[in-house]
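The residues of the chain are indexed from 1 along the displayed sequence.
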Amino acid sequence: MGRVIALVVSATAVVVGAAALGLFLWLRTYAPLAAELPLTPGPGLAANVAPTFGSGGKPVFIPDYRPGRSFQMTFTLANTGRFAVRVLGIAGVPAGAVAPEGVTTLRLAPHDTSLVTVRWRLQCRKGLTQAASDGVRLRYRYLSLFTRTASVELPFAVTLRCPGGPPTSP
């Protein structure tokens, strides 16, 4: 009789441990953030190109490039998950000619949305004629235990056209 009880307790412990491990791993990969319409470009917009063949159905925003000046874009960020999320900022040091460098920090309740403004750093280097970005890597925290970085695909693209490159008018 003692063996049966030990076997049942052991089997229960294994099942509970596997379930806890599965839940922990799922929570570590939790990615509830999604960017949605509407969009509002900031000042300094040179052109707004409606979605065309090859753009993936995304509008393209072309900022007016001036050295040292950034470009802002406001869009809707949604928490599609079951837990509240606190957006902490841009993940890591952004690289590239079109790089997000700042984002408004906020808390999103489950299934909530908020307008978010991202500031883009624009850098034309020698030999560069054009560069684009349609995503942002965000750091966020949830359940007071987990901090993650996730790439959020944006419903638009920011395209930088440098001097000597193609014209800004579509």
Side-chain angles (χ1 to χ4, degrees), residues 28-142 146-170:
R28 284 187 47 89
T29 60
Y30 184 64
L33 299 178
E36 301 175 347
L37 299 173
L39 314 169
T40 307
L45 182 66
N48 176 357
V49 181
T52 61
F53 182 73
S55 73
K58 295 179 179 186
V60 177
F61 295 95
I62 303 169
D64 183 24
Y65 176 71
R66 293 205 180 113
R69 190 165 101 183
S70 60
F71 175 69
Q72 291 185 354
M73 190 71 178
T74 301
F75 59 92
T76 302
L77 186 66
N79 177 0
T80 61
R82 299 176 186 198
F83 309 113
V85 172
R86 177 167 302 283
V87 176
L88 304 173
I90 300 294
V93 177
V98 180
E101 65 175 359
V103 65
T104 51
T105 58
L106 66 135
R107 182 184 183 281
L108 288 170
H111 307 291
D112 195 10
T113 62
S114 179
L115 291 177
V116 173
T117 301
V118 174
R119 189 176 62 253
W120 301 84
R121 183 186 67 230
L122 308 171
Q123 291 183 326
C124 284
R125 293 183 296 273
K126 185 176 181 179
L128 180 69
T129 59
Q130 186 168 315
S133 178
D134 68 349
V136 63
R137 292 184 46 79
L138 296 175
R139 289 288 287 166
Y140 61 96
R141 187 169 180 81
Y142 57 99
F146 301 98
T147 301
R148 276 200 78 222
T149 298
S151 293
V152 176
E153 184 178 349
L154 300 172
F156 61 91
V158 176
T159 298
L160 173 62
R161 293 188 176 166
C162 296
T168 57
S169 59

Exercise. With a 4.5 Å heavy-atom cut-off, do Phe75 and Leu37 have their side chains touching?
Worked result: no

Exercise. How long is the gap from CG on Leu154 to OG on Ser133, to the nearest 0.5 Å?
Worked result: 7.0 Å

For this session: Check whether any side-chain heavy atom of Leu138 lies under 4.5 Å from a side-chain heavy atom of Ile90, and answer yes or no.
Result: yes

Exercise. Going from CG on Leu115 to OG1 on Thr40, what distance comes out if it is rounded to the nearest 0.5 angstrom?
Worked result: 7.0 Å

Exercise. Between the side chains of Tyr140 and Arg86, is a donor N or O closer than 3.5 angstrom to an acceptor N or O?
Worked result: no

Seminar exercise, completed: Tested for side-chain contact (heavy atoms from CB on, under 4.5 Å) against Leu108, the lone hit among Leu77, Thr113, Val116, Thr80 is Leu77

For this session: Taking all non-hydrogen atoms of both residues into account, name the closest pair between Asp134 and Lys58 and its distance.
Result: OD2-NZ, 2.8 Å

For this session: Rounded to the nearest 0.5 Å, what's the gap from CE on Met73 to CG on Leu39? Could you check?
Result: 4.5 Å

Exercise. Looking at CZ of Arg119 and OG of Ser70, how far apart are the two atoms once the value is rounded to the nearest 0.5 Å?
Worked result: 5.5 Å

Problem set entry | Straight-line distance of Phe156 CZ to Phe61 CZ, nearest 0.5 Å | 7.0 Å

For this session: Find out whether Pro67 and Cys124 are in side-chain contact, i.e. whether some heavy atom of one side chain is under 4.5 Å from a heavy atom of the other.
Result: no

Exercise. Can you name the nearest heavy-atom pair linking Pro59 to Pro155, along with the distance?
Worked result: CD-O, 3.2 Å

Exercise. Looking at side-chain heavy atoms only, is the closest gap between Asn48 and Ile62 below 4.5 Å?
Worked result: no

Exercise. Per the side-chain contact (heavy atoms from CB on, under 4.5 Å) rule, which among Val118, Val158, Leu160, Asp64 passes with Phe71?
Worked result: Val158

For this session: Identify the heavy atoms of Arg107 and Ala84 that sit nearest to each other, and give their distance.
Result: NH2-CB, 3.1 Å

Exercise. What are the two closest heavy atoms between Gly44 and Arg69, and how far apart are they?
Worked result: CA-NH2, 3.3 Å

For this session: Might you work through the side-chain hydrogen bond (donor to acceptor under 3.5 Å, both in side chains) test for Arg137 and Thr149, ending with a clear yes or no?
Result: CA-CA 6 Å; Arg137 292 184 46 79; Thr149 298; 4.7 Å; no

Exercise. Can a donor-acceptor pair be found between the side chains of Thr117 and Thr74 at a distance below 3.5 Å?
Worked result: yes

Seminar exercise, completed: Distance col, row Cys162:SG vs Arg125:CZ, nearest 0.5 angstrom, shows 8.5 Å

For this session: Test side-chain contact (heavy atoms from CB on, under 4.5 Å) on Thr159 and Gln130 and set out the steps.
Result: CA-CA 7 Å; Thr159 298; Gln130 186 168 315; 3.8 Å; yes

